[in-house]
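Take a look at the structure set out below.
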Amino acid sequence: MSALVIVGAQWGDEGKGKVVDLFAAHADVVARFQGGNNAGHTLVVGDARERTVVHLIPAGVLHRQTTCVIGNGVVIDPAVLCGEIDELQGRGYLTDPAQLKIDERAHLILPVHRKLDVAREERLGEKKIGTTGRGIGPCYEDKMARRGLRVVDLFDPEYFRERAARLLEERNVELAQVYGWPAVDLDEVCSEYAGYAERLRPHVTDTALYVSEQIAAGKRVLFEGAHGTMLDIDHGTYPFVTSSNIVTGAVGTGAGIPPKSVSRVIGISKAYTTRVGGGPFPTELDDEVGRKLREVGDEFGATTGRPRRCGWFDAVVVRQAARLSGMSGLAITKLDVLSGMPKLKIAIAYESEGKRLETVPAGARAFAAARPIYEELDGWSEDLSQARRFEDLPAAARRYISRIEELTATPVTLISVGAEREETILLRDPFLL
Ligand code: IMP
């Protein structure tokens with residue numbers, strides 16, 4: 001039995017796509033269990049450095065022997081999903097429908113969800129969360145309010161219509177009366193979604209059953225987390241979070257397997273920190289160093305193209321994420337981006353109102369007031385892209401990694417020194433760690 005979970009240890013965009021793509025080479029199944037097309041993984045493959053961006057389909061899709069699963073905890077925008085299937089098929093991937101399985105219990109994002117998301121953010125102005133505008137929050141709201149529509153409902157048009165009418169009865173009032181937007185038309189939704197039913201039918205199944213059978217049969221199953229722990233609805237920097245749980249525990253509900261099935265958890269963290277959207281970010285650098293990180297690290301969102309906010313590595317955040325998800329190892333990405341910085345800083349704790357904080361405070365205002373306590377380390381000037389073994393790294397880079405291990409109490413399993421698959425130092429087999 002071998003189930004491995006990949007979780008973001010910061011605010012998302014940690015480079016999970018590359019790591020999942022690499023680990024998928026050792027996996028039989030790759031499954032998503034939360035989030036939706038607010039996530040975005042850029043995969044860079046081959047001599048032509050072909051770039052593929054996936055938002056819903058697991059990043060393992062480029063490995064033909066790997067079955068991809070979209071679990072019940074994911075919220076699905078079928079327009080986006082069909083578009084991704086088309087694009088991948090156009091590039092010669094996903095030619096066998098059995099390679100992609102979509103859970104029948106997953107909730108559907110409807111046009112009204114996207115509209116509510118955008119309308120609300122517009123209304124919030126300066127105070128906005130900075131959502132991706134994909135309708136993720138409103139869709140999860142309807143799931144919890146028990147008026148959502150699920151993938152299985154696509155195949156019962158009468159029931160779909162009845163449920164959609166009920167949902168729109170409430171949500172159209174909000175859209176029109178609170179935000180002054182035009183209401184969404186029921187007939188249009190029903191006819192658009194009837195088209196998706198036929199497109200998606202070959203992929204839809206009970207994936208919880210499928211995944212548990214695979215685990216029981218001794219297959220290697222990889223659960224691909226989206227976003228990062230600090231965006232978790234419970235454990236993140238609320239209210240500047242997404243609307244799903246991100247920590248390892250979410251695999252149980254979002255993929256329908258018991259927690260005891262998880263044998264390994266790998267956290268992914270950049271060698272520095274980035275954040276998109278609003279909310280406090282103690283180690284943010286609004287200076288030349290921050291601009292350099294953004295430029296060298298190509299820090300622009302894969303989903304929205306927004307420039308990412310950049311800052312020093314925050315060990316408080318990653319230590320907390322490691323504890324919450326029980327990480328057995330850490331993958332550190334983009335170490336190469338730090339080359340050429342004479343000195344590097346790591347936040348080891350925060351200071352707030354004269355007190356030293358070792359954890360991320362729960363209160364939004366307390367976190368906004370937290371100032372990082374830094375430790376300074378020597379940088380290095382060497383290009384790291386050719387390093388394939390830990391020993392190939394300059395001494396200062398090795399020291400930087402070792403310090404991260406100490407501060408987060410988690411061993412580093414993998415170091416990424418470039419966007420391509422080969423630009424990786426693999427320290428331990430992820431499934432055997
Ligand atoms: P939502 O998930 O679109 O509702 O956005 C809520 C917050 O999560 C915003 O700050 C987004 O920028 C952030 N967010 C959502 N998904 C990602 C991601 O994959 N990477 C980074 N930030 C994300």
Side-chain angles (χ1 to χ4, degrees), residues 1-10 12 14 16-17 19-21 23-24 26-36 38-39 41 56-60 66-76 100-107 136 140 143-144 151 205-236 241-269 320-331 410 413 430-431 433:
M1 181 182 78
S2 198
L4 169 71
V5 185
I6 302 274
V7 190
Q10 299 168 306
E14 295 95 349
K16 292 182 291 295
V19 178
V20 172
D21 174 54
F23 289 3
H26 309 265
D28 300 298
V29 178
V30 181
R32 286 259 326 249
F33 55 94
Q34 46 74 230
N38 45 351
H41 291 323
L56 271 166
I57 296 181
T66 306
T67 303
C68 290
V69 169
I70 300 182
N72 62 279
V74 176
V75 286
I76 297 177
L100 175 65
K101 302 196 187 301
I102 302 167
D103 195 80
E104 51 197 3
R105 292 180 174 84
H107 277 247
I136 307 296
Y140 277 117
K143 172 177 177 173
M144 293 308 175
V151 169
T205 187
D206 180 345
T207 66
L209 175 63
Y210 172 76
V211 170
S212 60
E213 283 172 351
Q214 296 299 302
I215 292 175
K219 302 286 184 190
R220 290 177 157 208
V221 179
L222 192 160
F223 292 100
E224 171 186 336
H227 329 301
T229 305
M230 287 299 128
L231 292 172
D232 183 285
I233 186 79
D234 284 286
H235 300 285
V241 292
T242 190
S243 299
S244 60
N245 282 116
I246 288 165
V247 295
T248 306
V251 171
T253 52
I257 57 136
K260 68 175 185 191
S261 296
V262 172
S263 43
R264 303 277 181 274
V265 181
I266 304 286
I268 318 288
S269 168
Q320 187 139 328
R323 168 168 55 81
L324 288 165
S325 277
M327 290 174 190
S328 32
L330 258 185
T410 313
T413 315
F431 282 94
L433 186 76

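Fair warning: this is a prediction, and the values are worked out from it, not measured in the lab.
- Atom CG of Leu56 sits about 8.5 Å away from atom CG of Asn38, to the nearest 0.5 Å.
- Shown here for Gly267 and Met327, the closest heavy-atom pair between the two residues is CA-SD, 3.4 Å.
- Atoms OG1 and OH, from Thr205 and Tyr210 in turn, are 9.5 Å apart once rounded to the nearest 0.5 Å.
- Just one residue in the list Val75, Leu100, Asp103, Thr207 forms a side chain to side chain contact (heavy atoms under 4.5 Å, CB included) with Ile70, and that residue is Leu100.
- Within the 4.5 Å cutoff, the side chain of Phe223 has heavy atoms near those of the Val211 side chain.
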Derivation and outcome, side chain to side chain contact (heavy atoms under 4.5 Å, CB included), residues Asp206 and Arg105 = CA-CA 8 Å; Asp206 180 345; Arg105 292 180 174 84; 3.8 Å; yes
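- Counting heavy atoms from C-beta on, the side chains of Thr67 and Lys101 come closer than 4.5 Å.
- Atoms NE2 and CD1, from His235 and Ile233 in turn, are 11.0 Å apart once rounded to the nearest 0.5 Å.
- Contact record, Ser325 with Val7: OG-CG1, 3.9 Å, taken as the closest heavy-atom pair.
- Val247 has its side chain within reach of Thr229: a pair of non-hydrogen atoms, C-beta onward, lies under 4.5 Å apart.
- Here the CD1-CZ distance, from Ile257 to Phe33, works out to 9.5 Å after rounding to the nearest 0.5 Å.
- Side-chain contact between Ile266 and Val5: absent, with no pair of heavy atoms (C-beta onward) separated by less than 4.5 Å.
- Note that the OG atom of Ser261 and the CD atom of Gln214 stand 12.5 Å from one another [nearest 0.5 Å].
- When all heavy atoms of Thr410 and Ser328 are compared, the closest pair comes out as CG2-C, 4.2 Å.
- His227 has its side chain within reach of Gln34: a pair of non-hydrogen atoms, C-beta onward, lies under 4.5 Å apart.
- The CZ atom of Arg32 sits 13.0 Å away from atom CG of Leu222, with the distance rounded to the nearest 0.5 Å.
- In terms of modelled atom types and a separation under 3.5 Å, the side chain of Asp232 and the main chain of Asn245 share no donor-acceptor contact.
- Heavy atoms only, all atoms of each residue included: Gly60 and Ala24 are closest at CA-CB, 3.8 Å.
- Across all their heavy atoms, Gly71 and Ala106 have their closest contact at O-CB, 3.8 Å.
- Within the 4.5 Å cutoff, the side chain of His26 has heavy atoms near those of the Arg220 side chain.
- Nearest approach of Gly8 to Lys16, heavy atoms of both residues: N-CD, 3.7 Å.
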